[in-house]
Amino acid sequence: MQNDVSLKRLLMNIHTYGFGIVGGCPLTEADTVEVCERVGHLRNTIFGHSWTFTNNAALADSSYTNQGIGVHNDNTYLLEASGVQVFHCLFHDGSGGENVLVDGFKAAANLKMKHPEYYDALVRIPLQAEYIGDGHKVIGTINLLQENPITKQLDAIRYNPFDRAVLSHTSFEDTKLFYKALKALSLELNSSANEIWIKLTPGRVLLFDNWRVLHGRAAFEGKRVMTGCYLAKDQLNSRLRSIAGLNLY
Ligand SMILES: [Fe+2]
């Protein structure tokens, strides 16, 4: 990460596959931040600039438990979800805790091929997502599938059953259609054919595109210390244009 050749390889891995891994990072939050700042400025959210946490049942977010977590995107309750999400496991003295990644764009493409009316419904019908707890009440009005206004290609998927609020603003017909479409998309997202499982080990920093890739994890035993942070999509796209020479809309 100390030269632009390695940085370009990381950026292209995130762009092409949805994720990239940097090895050999020292086991501190500050060193993890330093790696990520090679990509761009970190994004400050309700979780702070960056964070380090261990299992803590007192907090509201499911991340702080040791239970398994189904696949989802983060920040669906923010008006603009973070574009890059970072995980670095600093310590784990037990078993389990493998992370799963799912390509949301592939799942959405499968949905569009099998049920175009469901794909269109998820692009068109707005919903709300919310984070309520730990002193926060953040509510975003979003679309589950978000297309680029110029290319009409899928720009983002914002799927999170833990954050999704009730539909109280839609017509009866749209409500029925939305839930049928959501169920069909959920089947695609939870298909084992679309999963990659990764065991994060100390020293390996995982960076992935939160607008495309969903993540989850298996339950675990023992003490586990994770550090991480977010970057805005603008930071990633800026570097893809300036370092990797891509022409992105
Ligand atoms: Fe998450």
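Counting from 1, the numbers follow the sequence of the chain as shown.
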**Q** Atom OH of residue position Tyr17 - does it have more than 12 heavy atoms of other residues, nucleotides or ligands inside 6.0 Å?
**A** no
**Q** Does some side-chain heavy atom of Glu173 sit less than 4.5 Å from a side-chain heavy atom of Leu177?
**A** no
**Q** Membership question, hydrophobic clusters at under 4.5 Å side-chain separation (ILVMFWY): are Ile243 and Leu42 in the same one?
**A** yes
**Q** Looking at every non-hydrogen atom in both residues, tell me the closest pair between Cys25 and Val205 and how far apart they are.
**A** CB-CG2, 3.6 Å
**Q** When you measure from the side chain of Arg224 to the backbone N and O of Cys89, does any donor-acceptor pair fall under 3.5 Å?
**A** no
**Q** Could you go step by step and tell me if Thr76 and Ile142 meet the side chain to side chain contact (heavy atoms under 4.5 Å, CB included) rule?
**A** CA-CA 8 Å; Thr76 59; Ile142 60 170; 4.1 Å; yes
**Q** Is there a side chain to side chain contact (heavy atoms under 4.5 Å, CB included) between Gln235 and Val84 once you walk through the steps?
**A** CA-CA 9 Å; Gln235 295 292 312; Val84 178; over 6 Å; no
**Q** Please indicate whether Lys199 has more than 12 foreign heavy atoms, meaning atoms of other residues, nucleotides or ligands, lying under 6.0 Å from its NZ.
**A** yes
**Q** Which is it for Leu27 and Phe91 under the side chain to side chain contact (heavy atoms under 4.5 Å, CB included) test, yes or no, and what are the steps along the way?
**A** CA-CA 8 Å; Leu27 306 182; Phe91 177 85; over 6 Å; no
**Q** Between Asn143 and Gln146, is there a donor-acceptor pair closer than 3.5 Å when you use the side chain of the first and the backbone of the second?
**A** no
**Q** Should the heavy atoms of other residues, nucleotides or ligands under 6.0 Å from CD of Glu221 be counted, would the total exceed 12?
**A** no
**Q** State, to 0.1 Å, how close Leu127 and Leu144 come at their nearest heavy-atom pair, and which atoms those are.
**A** CD2-N, 3.6 Å
**Q** When you group the ILVMFWY residues by side-chain heavy-atom contacts below 4.5 Å and let the links chain together, are Tyr179 and Tyr118 in the same group?
**A** yes
**Q** Do His169 and Thr175 come close enough that some side-chain heavy atom pair is under 4.5 Å?
**A** no
**Q** Got a sec: does the NE2 of His49 have more than 12 other heavy atoms crowding it under 6.0 Å?
**A** yes
**Q** Look only at the side chain of His215 and the backbone of Asp74, and say whether a donor-acceptor pair between them is shorter than 3.5 Å.
**A** no
**Q** Has the side chain of Asn99 got a donor or acceptor atom that lies under 3.5 Å from a matching backbone atom of Arg217?
**A** no
**Q** Would you indicate whether the side-chain heavy atoms of Met12 and Leu246 approach each other to under 4.5 Å?
**A** yes
**Q** Is Leu214 reachable from Met226 through a run of hydrophobic residues whose side-chain heavy atoms are each under 4.5 Å from the next?
**A** no
**Q** Working to the nearest 0.5 angstrom, can you tell me the gap between Tyr249 OH and Ile150 CD1?
**A** 6.0 Å
**Q** Are Leu200 and Arg204 side-chain neighbours, meaning at least one heavy-atom pair lies under 4.5 Å?
**A** no
**Q** Using distance alone, with no hydrogens and no angle criterion, decide if Asp31 and Thr28 have a side-chain donor and acceptor under 3.5 Å apart.
**A** yes
**Q** Say you draw a straight line from CD1 of Ile157 to CG of Asp209; how long is it, rounded to the nearest 0.5 Å?
**A** 11.5 Å
**Q** Do side-chain atoms of Asp93 reach the backbone of Lys223 as a donor and acceptor pair under 3.5 angstrom?
**A** yes
**Q** Side-chain heavy atoms nearer than 4.5 Å, only ILVMFWY residues, links allowed to pass through others: does that put Leu122 and Ile125 together?
**A** yes
**Q** Please round to the nearest 0.5 Å and tell me the distance separating atom CZ of Arg158 and atom OH of Tyr77.
**A** 10.5 Å
**Q** Test your reading of the model: is there a side-chain donor-acceptor pair from Arg43 to the backbone of Tyr230, 3.5 Å cut-off?
**A** no
**Q** Taking all heavy atoms of Leu206 and all of Phe19, pick out the closest pair and write down the distance.
**A** CD1-CD1, 3.9 Å
**Q** With a 3.5 Å distance limit and no angle check, can you tell me whether Asn148 reaches the backbone of Leu154 through a side-chain donor-acceptor pair?
**A** no
**Q** Side-chain contact test, heavy atoms from C-beta onward, threshold under 4.5 Å: evaluate it for Leu167 versus Phe178 and give yes or no.
**A** yes
**Q** Determine the minimum heavy-atom distance between Tyr159 and Leu185, stating which atoms define it.
**A** CD1-CD2, 4.3 Å
**Q** When rounded to the nearest 0.5 angstrom, what is the spacing between CD in Gln85 and SG in Cys36?
**A** 11.0 Å
**Q** Between Val123 and Leu145, is any pair of side-chain heavy atoms under 4.5 Å apart?
**A** yes
**Q** Kindly say whether Asp155 contributes a backbone atom to a donor-acceptor pair with the side chain of Trp211 at under 3.5 angstrom?
**A** no
**Q** With the 4.5 Å side-chain cut-off for hydrophobic clustering, are Met1 and Ile14 part of the same group?
**A** yes
**Q** Between His88 and Gly203, is there a donor-acceptor pair closer than 3.5 Å when you use the side chain of the first and the backbone of the second?
**A** yes
**Q** Are His92 and Thr54 close enough, and set up right, to give a side chain to side chain contact (heavy atoms under 4.5 Å, CB included), and what steps lead you there?
**A** CA-CA 10 Å; His92 187 198; Thr54 186; over 6 Å; no
**Q** Can you say whether the rings of His72 and Phe162 are parallel (under 30°), tilted (30 to 60°) or perpendicular (over 60°)?
**A** perpendicular
**Q** Find the distance between CD (Glu98) and CD1 (Ile198) and round it off to the nearest 0.5 Å.
**A** 11.0 Å
**Q** When rounded to the nearest 0.5 angstrom, what distance separates CD1 in Ile46 from CG in Leu78?
**A** 6.5 Å
**Q** Determine whether Arg38 and Val22 make a side-chain contact, defined as any pair of heavy atoms from C-beta on separated by less than 4.5 Å.
**A** no
**Q** For a quick test of reading the model, state the closest non-hydrogen atom pair linking Ala165 to Glu130 and the distance between them.
**A** CB-OE1, 3.7 Å
**Q** Mind listing the closest non-hydrogen atom pair of Gly18 and Arg212 along with its distance?
**A** N-NH1, 3.7 Å
**Q** Quiz question: by atom type and distance under 3.5 Å, do the side chains of Ser82 and Asn75 form a donor-acceptor pair?
**A** yes
**Q** Looking only at atom types and distance, does a side-chain atom of Asn194 sit under 3.5 Å from a main-chain N or O of Glu188, one as donor and one as acceptor?
**A** yes
**Q** Please check if the number of heavy atoms outside Glu34 that lie under 6.0 Å from its CD is greater than 12.
**A** no
